[in-house]
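Whatever order the structure lists them in is the order used to number ligands and atoms, beginning at 1.
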Amino acid sequence: MFRKLHLKLTAYMGIILILFMFFVSAGIYQFTKMVFEDGNKELMRAEALRIYNYKNTAYTQYFFNGTLFKRHIQINPLENRRLDACYVVYDQYMMPVLSEEGEIKIADHIKPLAQKAFEEKKDSYETQKIGRFNYRIYTRYFNDFTGQSVVQVYQNTVNEDILWSFLRTVLIMIGITGTVILLVLSYMLTGKALTPIRETWKRQREFVADASHELRTPLTVIQTNLDVVLSDEDGTVDENEVWLDNAYSETRVMARLIDQLLILAKADNNEEELDISEFSFSEVIENVCQSMEVIAAKKNIELITNIEDNIIIRADYDKMRRLAVILIDNAVKYTEKGKVTVSLKTDKNKKVLIVEDTGIGINEKDLERIFDRFYRADKSRHREGGVGLGLSIAKWIADKHKYSLTVESTVNVGSKFILRM
Ligand code: ADP
């Protein structure tokens, strides 16, 4: 499922990237071309004027004493030249009076443009394919005291065309390589972004599977016991007390489990808010220890309390009580002989609750996972222990209050849970 999603996300990114690359490359290409064309047009326009001026200076006509004199002054037409272009100058009779053509002569082909300029009395600029090559032609119309004339400046664009096609290839190559690199990167990044979701999903699935499994066990026990009762058609309630007791105690297990599951589900949805108030944590611990004393005494375990008076905290009363119950209950539950010591004190400006026992301890491998949901170090102790949700709830309560809950333990020596507030 995640593999498909991963590929899908990369494909979406890919489409966006390809479109982006296409528009950026096409944009760069068109913009460069536009700027270049505009610049060229201006240059050709200026060149047409320069040639026109040159023609006027080169062929001066003047009247002297009623006689028309024509004088040809020798000026280098290449002087001040800014553009490598050919040209033709037509007088008002459409006669070419001045021209400089390249090896390929195209003046006759573009003559209609000059004709049009005379007719419309305006300039034109266009690109035409003549023979094998493209030509850029600027036709400029002049009308002043020397009469009407048209100057045509034109250029073969073969070199530029090669350059443009080279630019196109380069942009396409950059576009393709860029897209491939970005696709690989986006595949890696989406994979990274999906990792926490994948893990949460996996944890959630495990949680549902474990929860169903844990609910199934008491349900099966209830069913089996009720089956026995039902099969004894003539039996009284008293006669079936043992089976009914079994079923009843399992409903309590289920109720506790569902209660814990609800807390964690709310915690996951961030629905569970803290109901903060100021209260004496010393009193809470005292109270919890008192209620545990009977169970401890039953197991012959000494429950020692070392509680500093009046340790006040600002926290969620119910949750902090629950946390204390979980730690102290576990200490008693997982201790066969010896003692459980509960201390509450102030240490370096921090309030610290320490629940220490001389019980079975937890081995190093299990220590890392002890706060995980449904994690039980010794699965065979299922019935007397819980289902492995207590410590994960305790940890969540501590985290939610921004307190730290840590554990130190040695197998067969004992465990020490420390809550720093
Ligand atoms: P459970 O409901 O099974 O007690 P917890 O989440 O409270 O679940 O504890 C998880 C596991 O951590 C227990 O199954 C047990 O193996 C281990 N554990 C917890 N507290 C202690 C302790 N004080 N001493 C030894 N093992 C402990």
**Q** Is any NZ, NE, NH1 or NH2 atom of the basic residue among Asp123 and Arg45 found under 4.0 Å from an Asp or Glu carboxylate oxygen of the other?
**A** yes
**Q** Are there more than 12 heavy atoms of other residues, nucleotides or ligands under 6.0 Å from atom CG of Asp309?
**A** no
**Q** With a cut-off of 3.5 Å and sequence neighbours excluded, list every side-chain donor-acceptor pair involving residues 194-202.
**A**
unit_1 : atom_1 : unit_2 : atom_2 : d
Thr195 : OG1    : Gly191 : O      : 2.8
Thr195 : OG1    : Lys192 : O      : 3.3
Thr200 : OG1    : Pro196 : O      : 2.6

**Q** Under 6.0 Å between ring centres, would you say that holds for Phe207 and Phe374?
**A** yes
**Q** Do the ring centers of Trp164 and Phe36 come within less than 6.0 Å of each other?
**A**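 Under 6.0 Å, so yes.
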**Q** With atoms numbered from 1 as shown, which atoms in ligand 1 lie under 4.0 angstrom from a non-hydrogen atom of Phe417?
**A** 20 (N), 23 (N)
**Q** For the atom pair NZ (Lys337) and CG (Asp357), what is the distance rounded to the nearest 0.5 Å?
**A** 12.0 Å
**Q** Does the residue Gly359 have a heavy-atom contact with ligand 1, meaning some pair of atoms that are separated by less than 4.0 Å?
**A**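 Heavy atoms of Gly359 never come under 4.0 Å of ligand 1.
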**Q** Which of the atoms of ligand 1 are close to Gly390, meaning less than 4.0 Å from one of its heavy atoms?
**A**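 Checking each atom against Gly390, I get 5 (P), 6 (O), 7 (O), 8 (O).
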**Q** May I ask which of Val355, Asp357, Val411 has a heavy atom nearer to atom 23 (N) of ligand 1 than the others do?
**A** Asp357
**Q** Can you name the one residue among Arg136, Lys41, Arg140 that meets side chain to side chain donor-acceptor pair (under 3.5 Å) with Tyr125?
**A** Arg136
**Q** Is Ile362 in polar range of ligand 1, meaning some N or O pair under 3.5 Å apart?
**A** no
**Q** For ligand 1, find out whether one of its N or O atoms is nearer than 3.5 Å to an N or O atom of Tyr334.
**A**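 Checking ligand 1 against Tyr334, an N or O pair does fall under 3.5 Å apart.
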**Q** If the cut-off is 4.0 Å to any non-hydrogen atom of Val387, which atoms of ligand 1 fall inside it?
**A**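 What qualifies from ligand 1 is 2 (O), 3 (O).
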**Q** Would you mind running through ligand 1 and noting each atom that sits below 4.0 Å from a heavy atom of Tyr375?
**A**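 Taking each heavy atom of Tyr375 in turn, ligand 1 has 10 (C), 11 (C) under 4.0 Å.
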**Q** Counting each atom of ligand 1 from 1 as listed, which ones have a heavy atom of Leu389 under 4.0 Å away?
**A**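 It comes down to these atoms of ligand 1: 6 (O), 8 (O).
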**Q** Between Ile326 and ligand 1, is there a nitrogen or oxygen pair with a distance under 3.5 Å?
**A** no
**Q** Pull out every atom of ligand 1 sitting under 4.0 Å from any heavy atom of Lys333, numbered as shown with elements.
**A**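 What qualifies from ligand 1 is 2 (O), 4 (O).
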**Q** So is Ser392 polar-close to ligand 1, meaning N/O to N/O under 3.5 Å?
**A**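 Between Ser392 and ligand 1 (N or O atoms, distance only) the closest approach is not under 3.5 Å.
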**Q** Any idea which atoms of ligand 1 are less than 4.0 Å away from a heavy-atom of Ala377?
**A**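 Matching atoms, with element in brackets: 14 (O), 16 (O).
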